[in-house]
There are 2 protein chains.
Amino acid sequence: MPTMRDVARLADVSIATVSFVINDTKPVAPATRARVEEAMQQLGYRRNALGRALASKRTRIIALLYPALQRRLSETAVKFFTSATQTAKDLGYNLVLWPISNDAGQIEELISSGFIDGVLLMEVQLDDARVERLQRSTLPFALIGRTRHPEELPYVDVDFENSMIEAVSYLEGLGHSRLCFVDSGGAEHALSGYGPVVRSRATFAAEVERRGLESVHLSCEESPMSGQNAAEKLLETAPDTTAVILMNDNASFGFLNGLNRRGIDVPGDMSVLLIGSTPDGAAATDPRLTVLTLPSTELGRMGVETLVDQLEEPGGPMRQAVVICCFEEGQSTGPVQR
Amino acid sequence: MPTMRDVARLADVSIATVSFVINDTKPVAPATRARVEEAMQQLGYRRNALGRALASKRTRIIALLYPALQRRLSETAVKFFTSATQTAKDLGYNLVLWPISNDAGQIEELISSGFIDGVLLMEVQLDDARVERLQRSTLPFALIGRTRHPEELPYVDVDFENSMIEAVSYLEGLGHSRLCFVDSGGAEHALSGYGPVVRSRATFAAEVERRGLESVHLSCEESPMSGQNAAEKLLETAPDTTAVILMNDNASFGFLNGLNRRGIDVPGDMSVLLIGSTPDGAAATDPRLTVLTLPSTELGRMGVETLVDQLEEPGGPMRQAVVICCFEEGQSTGPVQR
DNA sequence: CTGAAAGCGCTTACAG
DNA sequence: CTGAAAGCGCTTACAG
């Protein structure tokens, strides 16, 4: 691997000048620049990122932190990751998925290693020890999601409250007055205070109350089988329900299947509205689901922008933003019968 | 952030001595060692990985390369990643998921950046341009999967050939003579020559031929809906089939559902054997599927070991290994009727 | 517009 | 057992 020194020697300039050319950080005479570029070309020179990082005190690497990497990465998560990666690249950074377990030591180690410039924290809990740890450090960070009290934190989150209100309002507009909310929370989500689930539940409860609607709520794990079981449970416990809000990507196929087995027609007998999924997720069933899609691409982009803001202007104002889900009509919702 | 220099000053030794203590790389007098450790403690010192990397010419970072990050990351992929991460940690390395697109430049850039010591390449194709590129570089690497001619390459792969033979043999042992193989290849997999699909197909064809069995083959995308469609297609085109080998995690629920809708009992009328999945994948349906599980944890561990071998002994012999799937009986297979 | 030099935070022969 | 010094490959005031 040729170094800057090799290039400088071949082009007959100082290494400083080579650096100026590469970084375009000081004016260089056209002829000199040409010589340097020629030399780099000839040697196949590529700047060593380690040397650069040590000297400039910036690695230009951003770590995406997933808590103990979940069972699987949903399409939403992958789209988010892809978008974040691209945005980082556009802004001159590399984004990498850095796996660390949630226990005390590891995050400290990552922070103090000097390998990364900043952290994008995923799956933020309402009360999140990792956030406190990051706040105590000097490492810039941004949250995807937000804690219970995010006033002083840079974050991007989905506006589950308003998305839920939109969902309830849409169904009420179709004449439905007996709703069910099926969330994606196994026991662990409820206990750990995972924002999207907690906020959605609370908003659902408040909204049906406010509007004087009847409602039930079911928790359902992320699998077709659980979805099927949830459907059966619904038909047992609240057979009068006419509309369901489903916040569970992997349960949708099983849920519709469960209804279908009992002879329940969608949307004839029951409207089903998917929330927080993707267009592909909505297309995973027959009939295609009406959906409020999670803006994962936007979320990825904004997350990185929020972090890079912190990186480039450390003391500066921090962005805080929520983005709303996007309504997309399918064939699974319709006016109430009877 | 305190540096080694600060520690040295406080402990009244040279920075070399501090380094010896930290790395345990030369004998240090007990009293001196104690002073140094005391100083480190007091300052909350943590070695800067960048400085270390530049001086030692090793970053101790391994990049896991996923091609253009698929639609989603399966449970298998996540388990693999988790296991690889842990193994790397045990061996003194950090494993990170480094997203790069497949186009020419990016892999070069990663290689020459100096940020990583080695590469673990996932989803290897039979003819893989990335492998050629890595071979031209001096960067150590290891493959998960293998190319058409992997003789000179370090790799770990699943033995799909023998797993398929075991599957066919098992079903034939139950008296089945009309088999169907449902793979997980959309058009893209077939065209791109993805080893597991190509090898499984070929072995299935050869085995049924060799044993004089009847067979059909269906391609099916990774979704419940596609599985359901595949079941219907099977019942149309080859209704006499009595056993199915299913290599498709996300289609299994839909596939069984498709059979069920047509009144086909599993395993009474049709045996279904899942191949290349996980125990959880087998439990995603009712009845629970008999399965040949992918040894993803083992694969992750061995993949990292193979790479680290190359890192620690550059010219040394390279490991090549295949691991077989593990049979686990469920309730979806049984003797042929009639 | 260009260069000499210090320095980023470490490791590692070399000497004693 | 310990230290002085060179060096890893860059960036960045500073000087001219």
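Order of the sequence lines fixes the chain letters, A, B, ..., with proteins taken first and strands second; residue numbering starts at 1 for each chain. The figures here come from the full heavy-atom set of this structure, side chains too, leaving out hydrogens, waters and symmetry mates.
For DNA chain C, the stems formed by at least three consecutive Watson-Crick or G-U pairs, with both atom-pair distances below 3.5 Å, span C:1-3 with D:14-16, C:5-12 with D:5-12, C:14-16 with D:1-3.
Side-chain contact check for B:R136 versus B:E108: some heavy-atom pair is nearer than 4.5 Å. Using a 4.5 Å heavy-atom threshold, the side chains of B:E305 and B:T87 count as touching.
Take the nearest nucleotide of DNA chain C for B:L54 and for B:T25: the residue whose nucleotide is more 5' is B:L54. Comparing B:A55 and B:P30 along DNA chain D, the residue whose closest nucleotide (by nearest heavy atom) sits nearer the 5' end is B:P30.
Proximity of a side-chain donor or acceptor of A:D117 to a complementary backbone N or O of A:T59 within less than 3.5 Å is detected.
By the neighbour-count criterion of 12 heavy atoms within 6.0 Å, atom CD of B:E151 is densely surrounded, having more than that number from other residues, nucleotides or ligands.
We find the CG-CD1 distance between A:L120 and A:I62 to be 7.0 Å, quoted to the nearest 0.5 Å. Summarising the geometry, atom OG belonging to A:S137 is positioned 8.0 Å from atom CD1 belonging to A:I107; distances are rounded to the nearest 0.5 Å.
On the nucleic acid side, DNA chain D has its first and last nucleotide under 4.0 Å of a heavy atom of chain B at D:dC1 to D:dG9, going 5' to 3'.
Nucleic acid contact for B:R46: sugar-phosphate only, since backbone atoms but no base atoms lie under 4.0 Å from a heavy atom of the residue.
Between the side chains of A:E123 and A:Y66, no donor N or O sits under 3.5 Å from an acceptor N or O.
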